[in-house]
Amino acid sequence: MDETPLEHERRAKVARWRSQGREPYPWSFPGRVPTETVRARCRPLAAGEEAGGEPVRVAGRLRALRVHGKTAFADLDDLSGALQLIVREDLLGEAAYRGWLADLDSGDLVGAEGRPAVSRRGEPSLVASRLELLAKAIAPPPEKYHGLQDPEERLRHRHVDLLASAESRARFRARSLLVRETRHYLDGAGFLEVETSTLVPLAGGGAARPFTTRSAYLAEELQLRIALELPLKRLLVGGLERVYEIGKCFRNEDLDSTHSPEFTMLELYWAYADYRDMQALVEGLYRRLAERMGEILPEVPAARAAAQAFADGFASIDFVEELERRSGLTRLLERSPEELRQYARAAGSTVPDDSPPGVFLDKLFEHYVEPDLSRPTFVFDHPAVTTPLAKRHRSRPGRVERFEFYYRGMELGNAYTELNDPDEQLLRFQEQSAAREEDRYAFDEEFVRALRYGMPPATGIGIGIDRMAMAFTGAPSIKDVILFPLARGRTA
RNA sequence: GGGCCCGUAGCUCAGUCGGUAGAGCAGGCGGCUCUUAACCGCAAGGUCAGGGGUUCGAACCCCCUCGGGCCCGCCA
């Protein structure tokens, strides 16, 4: 490993520490409380006042040091926030005080013991009567004011991004809390969480190119799943009635601000219910998430805005009516594929002319409607030609029972009343195989056979967890909510 | 896959017309008992992403490679 001059200096301090018989990497720091506890105890104090009682112990990362001769101020970060330490020569003694200043650096992990106090300038603080080095940082932290800005460095060295950025820490905590609350909500609604296989012989349930790998034992090629749908529906056939899975899916496609080759999907299937029941479930889930996020992370402005938006509830629009209203086009369901192709062309689409007609309608919707779906919005009852795998609408010809929902122009989820007629399912698989490239569409015979045993009428939904996290944290890119997103080449 | 842009000190960034490298932070030394991007003084710190070319001379112009960002395409 190469070493910069800065690291050389810090190593020299470690050596000095050891030469004095002190351990630069001790084992523990018992009795420590979060810095938030100290801030709370400072609240009743006036500026310049110190709390009485037993001393308290805090631990965290040193972010900044401001040395003023015989008094020094240090900012200590822990997961609960930041706290100022006040270190005084008259409390530690001159030798200890000078020694600390010589050997401490920003980035070091330190423990401090002392009494809560509010500085004369009004800053909640801990007046240290004792300091301990808990782990020396050899590598210097990023610049204290701007932090780590380079997006590549931030994702390749996520640990540095996290230690330098309370916002980044908050975003990943938010993601974790969203998943936890989602589980609580679904468990409370009587759903069973299951885990199905990631490694499969044939990745189905969507139209995406799979990753492939090989089992040395089976001497067979395997694929990484692209969706959770087909195995979960087989569980409905098996009588599990209400199931969900939260798990990684993999699609061998390019990445952009809303797509990652490796992403986390929530899929949920609910027997004897339809897509209107699912709508109610989704509304309840997002209202609950909004409440919890509002409680947990009120300090993140984008999180507060999202929480408010979802607390206000969803708008509902009809796919065809909204598209016609915004585009000025009329009677879209009656148009020929050729007419739809011309409309899509006029709207700037470059999809191939021989695409299925549903593709042109999707492109028109993307062009005329999607960008304006900034508040939470359900889009209902898509044209059947855009959605070959949903159940046809019970009363609206040419439509399917489906909704998607959007926030800030981004699709967050997609729900159907599920197709459970085995013969129709077989027919649609066959049509797809004929219309599309073979390698992009799996024809899962075992799934069709499963439907022959009878799958109860059911509704299902897929919700992208990464996008959920983006929505609730205001992250502009999916990479901001994935701890270690795929990056080209070696991490140096 | 196509287009545009970016890569300079550990970090954040300047760098003019092609004339041989700058600041702030961090770190070192000195000063300072209420600062919070602390402040003041001194000194130090560079494979200008990598390679090739043009030129008397390249961080700067040209070509290639690597990595990244944005837009488009692809992607129920």
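All chains are named by letter (A, B, ...) in the order of the sequence lines, taking the proteins before the strands, and each is independently numbered beginning at 1. On a predicted model such as this, the values are computed, not experimentally measured, just so you know.
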Once you round it to whole Å, what is the distance between [atom2] of [N] and [atom1] of [X]?
| X | N | atom1 | atom2 | answer |
| --- | --- | --- | --- | --- |
| A:E152 | B:G68 | CD | P | 6 Å |
| A:D150 | B:C70 | CG | P | 12 Å |
| A:K136 | B:A26 | NZ | C1' | 12 Å |
| A:R154 | B:G69 | CZ | P | 12 Å |
| A:E7 | B:A9 | CD | C1' | 13 Å |
| A:R63 | B:U36 | CZ | C1' | 9 Å |
| A:D256 | B:G3 | CG | C1' | 16 Å |
| A:I463 | B:A76 | CD1 | C1' | 16 Å |

Query - Non-hydrogen side-chain atoms of A:I482 and A:K479 separated by less than 4.5 Å - result: no

Side chain of [X], heavy atoms from C-beta onward: which of [options] has the nearest atom to it?
| X | options | result |
| --- | --- | --- |
| A:R120 | B:U36, B:C34, B:G28 | B:C34 |
| A:V67 | B:G28, B:C32, B:U36 | B:C32 |
| A:E143 | B:C11, B:G27, B:U36 | B:C11 |
| A:L6 | B:G68, B:C34, B:G27 | B:G27 |
| A:P151 | B:G10, B:G28, B:G69 | B:G69 |
| A:D254 | B:A37, B:U36, B:G1 | B:G1 |
| A:H146 | B:U12, B:A76, B:A26 | B:U12 |
| A:K363 | B:C74, B:U12, B:C32 | B:C74 |
| A:E9 | B:U33, B:G27, B:G10 | B:G27 |
| A:E253 | B:U12, B:U33, B:C75 | B:C75 |

Query raised in the report: Can you tell me if A:Q20 uses its side chain to pair, donor with acceptor, with the backbone of A:R22 under 3.5 Å?
Result: no

[N] to [M] separation - [atom1] atoms, rounded to the nearest Å:
| N | M | atom1 | answer |
| --- | --- | --- | --- |
| B:A23 | B:A9 | P | 14 Å |
| B:G18 | B:C61 | C1' | 8 Å |
| B:G46 | B:G7 | C1' | 15 Å |
| B:C60 | B:U54 | C1' | 13 Å |
| B:G45 | B:G10 | P | 13 Å |
| B:C39 | B:C34 | P | 15 Å |
| B:C13 | B:U8 | P | 10 Å |
| B:A49 | B:C6 | P | 12 Å |

Query raised in the report: Charged N to carboxylate O under 4.0 angstrom, A:R402 versus A:E404?
Result: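 The answer is yes: the pair qualifies as a salt bridge.
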
Query - SB check A:R63 A:D77 (cutoff 4.0 Å) - result: yes

Query raised in the report: Quick check, are the ring centers of A:F365 and A:F319 under 6.0 angstrom apart?
Result: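 Close enough - the centres of the two rings lie under 6.0 Å apart.
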
Requested in this report: Step through it carefully: locate the ring centre of A:Y286, locate the ring centre of A:F405, and say whether they are under 6.0 Å apart.
Outcome: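 Yes: the rings meet the under 6.0 Å criterion.
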
With a 3.5 Å cut-off and heavy atoms only, can you find an N or O donor on one side and an acceptor on the other between the side chain of [X] and the base of [N]?
| X | N | answer |
| --- | --- | --- |
| A:E404 | B:A76 | no |
| A:H259 | B:C75 | yes |
| A:Q149 | B:U12 | no |

Requested in this report: Select from A:N414 and A:S477 the residue whose nearest nucleotide in RNA chain B is closer to the 5' end of that strand.
Outcome: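 Between the two, 5'-proximity favours A:S477.
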
Query raised in the report: Taking for each residue the nucleotide of RNA chain B with the nearest heavy atom, is it A:G122 or A:R10 whose nucleotide lies nearer the 5' end?
Result: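 Going by which nucleotide is closer to the 5' end, it is A:R10.
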
**Report entry** Pair assignment for B:C11, Watson-Crick or G-U wobble, requiring both distances under 3.5 Å
**Finding:** B:G24

Query raised in the report: Does B:G1 have a Watson-Crick or wobble mate here (both distances under 3.5 Å), and if so which one?
Result: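 Answer to the pairing question: B:C72, which forms a Watson-Crick or G-U pair with B:G1.
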
Think [X] has a side-chain N or O under 4.0 angstrom from the OP1 or OP2 of [N]?
| X | N | result |
| --- | --- | --- |
| A:K70 | B:G31 | no |
| A:K479 | B:G69 | yes |
| A:R156 | B:G68 | yes |

Report task. Sort out for me which residue in A:D108, A:D103, A:D105 forms a salt bridge (charged side-chain N to carboxylate O under 4.0 Å, His left out) with A:K13. Result ->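 By the salt bridge (charged side-chain N to carboxylate O under 4.0 Å, His left out) criterion, A:K13 pairs with just one of A:D108, A:D103, A:D105: A:D105.
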
Within the structure shown, what part of the strands sits under 4.0 Å from [X] by heavy-atom distance: base, sugar-phosphate, or nothing?
| X | result |
| --- | --- |
| A:D105 | sugar-phosphate |
| A:S119 | base |
| A:Y416 | base |
| A:Q84 | base |
| A:G147 | sugar-phosphate |

Query raised in the report: Would A:T417 and A:D274 count as having a side-chain donor-acceptor pair, cut-off 3.5 Å?
Result: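 No, because no side-chain N or O of A:T417 sits under 3.5 Å from a partner of the opposite role on A:D274.
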
**Report entry** Reference residue A:P383; test side-chain contact (heavy atoms from CB on, under 4.5 Å); the match among A:L332, A:L340, A:L333, A:D362
**Finding:**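 The option that passes is A:L333.
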
